[in-house]
Amino acid sequence: MGLFGLLKMQFVCHLIICYVFLVSGLIVNFLQLCTLPLWSINKQLARKVNCRLAYCISSQMVALLEWWSGTECTLYTDPASYPFYGKEDAIVVLNHNFEIDFLCGWTFCERFGVLGSSKVLAKKELAYVPVIGWMWYFLEIVFCKRKWEEDQKTVVQSLQRLKDYPENFWFLLYCEGTRFTQKKHKISMEVAERKGLPKLKYHLLPRTKGFCVTVQHLRGKVCVSSVVTAVYDSTLNFRNNQTPTLLGILNGKKYHADLYVRRIPLDSIPENESECAIWLHKLYQEKDELQEKYSVTGRFPGPTLSPPRRPWALLNWLFWICLLLFPLCLLLLQLFHSGSAFTICTTVLLCFAASLGVRWMIGQTEINRGSSYGNKEGQLNNNAQVSKVTNKDSRTTKTSAACTAGIKNNHEQFSTKQEGNTQLDQDTGSCSC
Ligand SMILES: CC/C=C\C/C=C\C/C=C\C/C=C\C/C=C\C/C=C\CCC(=O)SCCNC(=O)CCNC(=O)[C@H](O)C(C)(C)COP(=O)(O)OP(=O)(O)OC[C@H]1O[C@@H](n2cnc3c(N)ncnc32)[C@H](O)[C@@H]1OP(=O)(O)O
Ligand SMILES: CCCCCCCCCCCCCCCCCC(=O)OC[C@@H](O)COP(=O)(O)O
């Protein structure tokens with residue numbers, strides 16, 4: 001291990017990184033607050049300013065992943081789709097298995113120039129996380145309580161607001177609604193069985209409401225400046241069964257992420273809600289097949305392309321480090337010079353409290369501290385009842401049958417495309433970004 005490798009594992013380095021993140025984050029949150037009057041004067045300008053301010057925060061975490069831990073990200077995609085990335089608004093559908101999947105998503109946003117404006121359908125609890133959650137408020141992130149009866153109105157309103165967004169954005173949807181655990185998987189497959197849907201091996205059963213409403217409300221309309229034109233069906237894996245964590249990244253551990261992206265024009269997705277739900281179930285069956293291939297071969301099919309790592313995230317990080325380390329050093333010098341035991345104890349206590357706060361924030365990303373959503377027997381029983389009722393409904397019967405039949409057809413097309421991609425891959429060779 002080199003000197004830099006040793007440095008990355010030092011607690012004092014972690015303290016400095018967290019201090020810079022926290023203080024710069026709070027400064028940015030304050031600046032975002034100052035933009036409030038601008039919203040009523042020039043909304044589009046306020047949005048643009050907030051995108052740039054948000055970039056100052058999220059790009060620090062991207063810099064940590066790309067430059068500090070040196071994690072590599074390989075993109076598998078059709079070269080014909082590549083020119084669209086970053087140039088259009090899109091809905092991203094991603095599997096939800098890893099603690100840092102959101103960070104890998106951000107890395108790709110950064111490389112395609114949409115990091116500041118990236119959006120997500122996020123659980124409401126995240127809105128209260130200092131720095132990131134507060135930043136999201138000004139980015140018009142869509143929050144949900146994961147209770148459709150309560151969410152329907154607010155989610156639709158928030159989506160409607162995005163229709164005239166002045167920057168290109170990717171709207172991330174984790175349709176599984178929660179991170180994969182064995183218990184959640186077992187329960188969700190029981191739901192699938194009751195609904196007569198094919199079982200998934202690597203995914204939870206997708207929740208269709210959020211996806212359908214997003215597709216419906218972000219769909220293009222003439223005379224609206226911002227329109228979503230595609231869905232990016234994305235699947236993320238880490239090489240050699242790595243289970244990356246944010247603490248690992250902070251410790252400088254290097255991982256290798258593989259992201260498979262298939263661009264699907266929005267026009268090809270049904271507008272009707274029940275058909276759209278069938279479509280999503282089919283997509284997840286295809287995603288499951290793809291995961292099976294990855295688990296057997298250790299790679300996705302198709303060519304790999306290399307969006308370059310940009311220097312801006314690193315430069316922004318260095319800027320904040322320089323800006324905030326200088327006053328910290330002065331403060332510490334003065335402190336020890338004063339010799340006052342009270343002042344020293346207070347400062348140590350404050351540092352301790354701040355590091356506990358950051359540890360709590362990191363805890364938000366940890367799967368073993370995750371929510372019980374999708375984990376409850378009660379929820380399952382409720383759904384069993386709902387399912388019993390809806391199974392009488394011809395729509396559900398149609399859903400199950402269409403899903404099982406559709407997956408066969410669709411998968412045949414998908415396999416053909418993948419075989420085509422494999423051919424391309426041999427031509428192109430593999431390269432990492
Ligand atoms: C080129 C590069 C391309 C890509 C790069 C990749 C990514 C980059 C993109 C953008 C990055 C942007 C930001 C990233 C930064 C940070 C993100 C971080 C975190 C946020 C993530 C979250 O917070 S995830 C949690 C919140 N989000 C969601 O839940 C979304 C999905 N959920 C929904 O859509 C839901 O429908 C809902 C939330 C809107 C409503 O929830 P509810 O539970 O009420 O849903 P439903 O009514 O749909 O659920 C009931 C139905 O579900 C069935 N079901 C299935 N399994 C179960 C189960 N286990 N228990 C009970 N019920 C279950 C049930 O049968 C019901 O079926 P019906 O047929 O009756 O509908
Ligand atoms: C420069 C970097 C310094 C790093 C140190 C500080 C790090 C602080 C990090 C704060 C991160 C807070 C953002 C949280 C995003 C978490 C995304 C996530 O994965 O949420 C889970 C939900 O989808 C589902 O929840 P569950 O139902 O599984 O429960």
Side-chain angles (χ1 to χ4, degrees), residues 14 17-18 20-22 25 57-58 60-65 68 75 77 81-82 84-86 90 92 94 96 98-109 111-112 114-115 118-126 129-133 136 141 143-152 155 169-181 184 187-192 194-195 204-214 232 234 236 246 249-250 259 261 263 277 307 317 358-359 361-362 364-365 367 369-376 379-380 382-384 386-387 390 396 399:
H14 305 161
I17 290 172
C18 292
V20 172
F21 178 76
L22 207 60
I57 298 179
S58 40
Q60 286 188 43
M61 293 189 67
V62 169
L64 193 78
L65 182 88
W68 181 257
L75 177 67
T77 197
S81 303
Y82 194 84
F84 290 98
Y85 300 151
V92 177
L94 188 63
H96 207 6
F98 304 101
E99 293 187 357
I100 61 156
D101 49 22
F102 76 97
L103 191 48
C104 289
W106 266 352
T107 300
F108 283 97
C109 289
R111 292 177 193 204
F112 289 101
V114 290
L115 180 60
S118 63
K119 312 260 171 275
V120 60
L121 176 53
K123 59 177 182 182
K124 186 76 186 157
E125 294 87 319
L126 292 176
V129 175
V131 181
I132 301 269
W136 276 348
I141 292 294
F143 290 105
C144 62
K145 293 182 179 165
R146 295 186 283 188
K147 290 186 188 113
W148 186 236
E149 319 78 59
E150 292 174 45
D151 286 332
Q152 188 166 16
V155 168
F169 66 84
W170 290 349
F171 187 92
L172 176 63
L173 262 174
Y174 291 113
C175 295
E176 293 159 87
T178 187
R179 279 151 313 173
F180 187 100
T181 67
K184 290 182 182 183
I187 293 176
S188 116
M189 285 310 105
E190 283 167 22
V191 176
R194 284 172 210 276
K195 283 172 168 270
L204 305 178
L205 193 66
R207 313 275 181 152
T208 57
K209 303 254 190 352
F211 178 78
C212 294
V213 92
T214 306
Y232 297 165
S234 311
L236 180 73
L246 197 51
I249 298 286
L250 199 57
L259 181 76
V261 181
R263 182 182 180 276
W317 200 27
V358 174
R359 184 64 192 85
M361 284 161 76
I362 293 174
Q364 297 302 303
T365 66
I367 295 181
R369 295 180 193 213
S371 73
S372 60
Y373 179 75
N375 219 3
K376 288 184 197 139
Q379 208 176 340
L380 176 65
N382 283 346
N383 278 299
V386 172
S387 190
T390 47
T396 312
T399 308

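Just so you know, ligand 1 is whichever comes first in the structure, and atom 1 is the first atom listed for that ligand. The structure displayed is predicted, hence computed values, not measured ones.
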| field | Of the listed options Phe180, Phe21, Phe102, closest to atom 15 (C) of ligand 2 (non-hydrogen atoms) | value |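 Answer by nearest heavy atom: Phe102.
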Mark up the atoms of ligand 2 that fall under 4.0 Å of a heavy atom belonging to [X], in ascending order.
| X | answer |
| --- | --- |
| Gln60 | 1 (C) |
| Arg146 | 27 (O) |
| Gly370 | 29 (O) |

| query | Hey, is ligand 2 close enough to Tyr373 that some N/O pair sits below 3.5 Å? | reply |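 No - when backbone and side-chain N and O of Tyr373 are compared with those of ligand 2, no distance drops under 3.5 Å.
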| task | Output yes when the distance from some N or O of ligand 2 to some N or O of Lys123 is under 3.5 Å, and no in every other case. | result |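 Yes; the residue has a nitrogen or oxygen that sits under 3.5 Å from a nitrogen or oxygen of the ligand.
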| request: Check whether any heavy atom of Arg369 sits under 4.0 Å from an atom of ligand 2. | output: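 Checking ligand 2 against Arg369, which is what was asked, there is no heavy-atom contact under 4.0 Å.
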Examine [X] against ligand 1 and note whether any of their N/O atoms are separated by less than 3.5 Å.
| X | result |
| --- | --- |
| Lys195 | yes |
| Arg146 | yes |
| Lys209 | yes |

| said: Under 4.0 Å, counting heavy atoms only: does Lys119 come that close to any atom of ligand 1? | reply: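 Flag set, Lys119 near ligand 1.
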| field | Ring centroid separation Tyr232 to Tyr85 under 6.0 Å | value |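 Yes, ring centres under 6.0 Å apart.
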| Do the ring centers of Tyr82 and Phe112 come within less than 6.0 Å of each other? |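 Tyr82 vs Phe112: aromatic centres under 6.0 Å.
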| message | I need the contact type for Val358 against ligand 2. Using non-hydrogen atoms and a strict under-4.0 Å cut-off, is it side chain, backbone, both or neither? | response |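 Answer for Val358: side chain.
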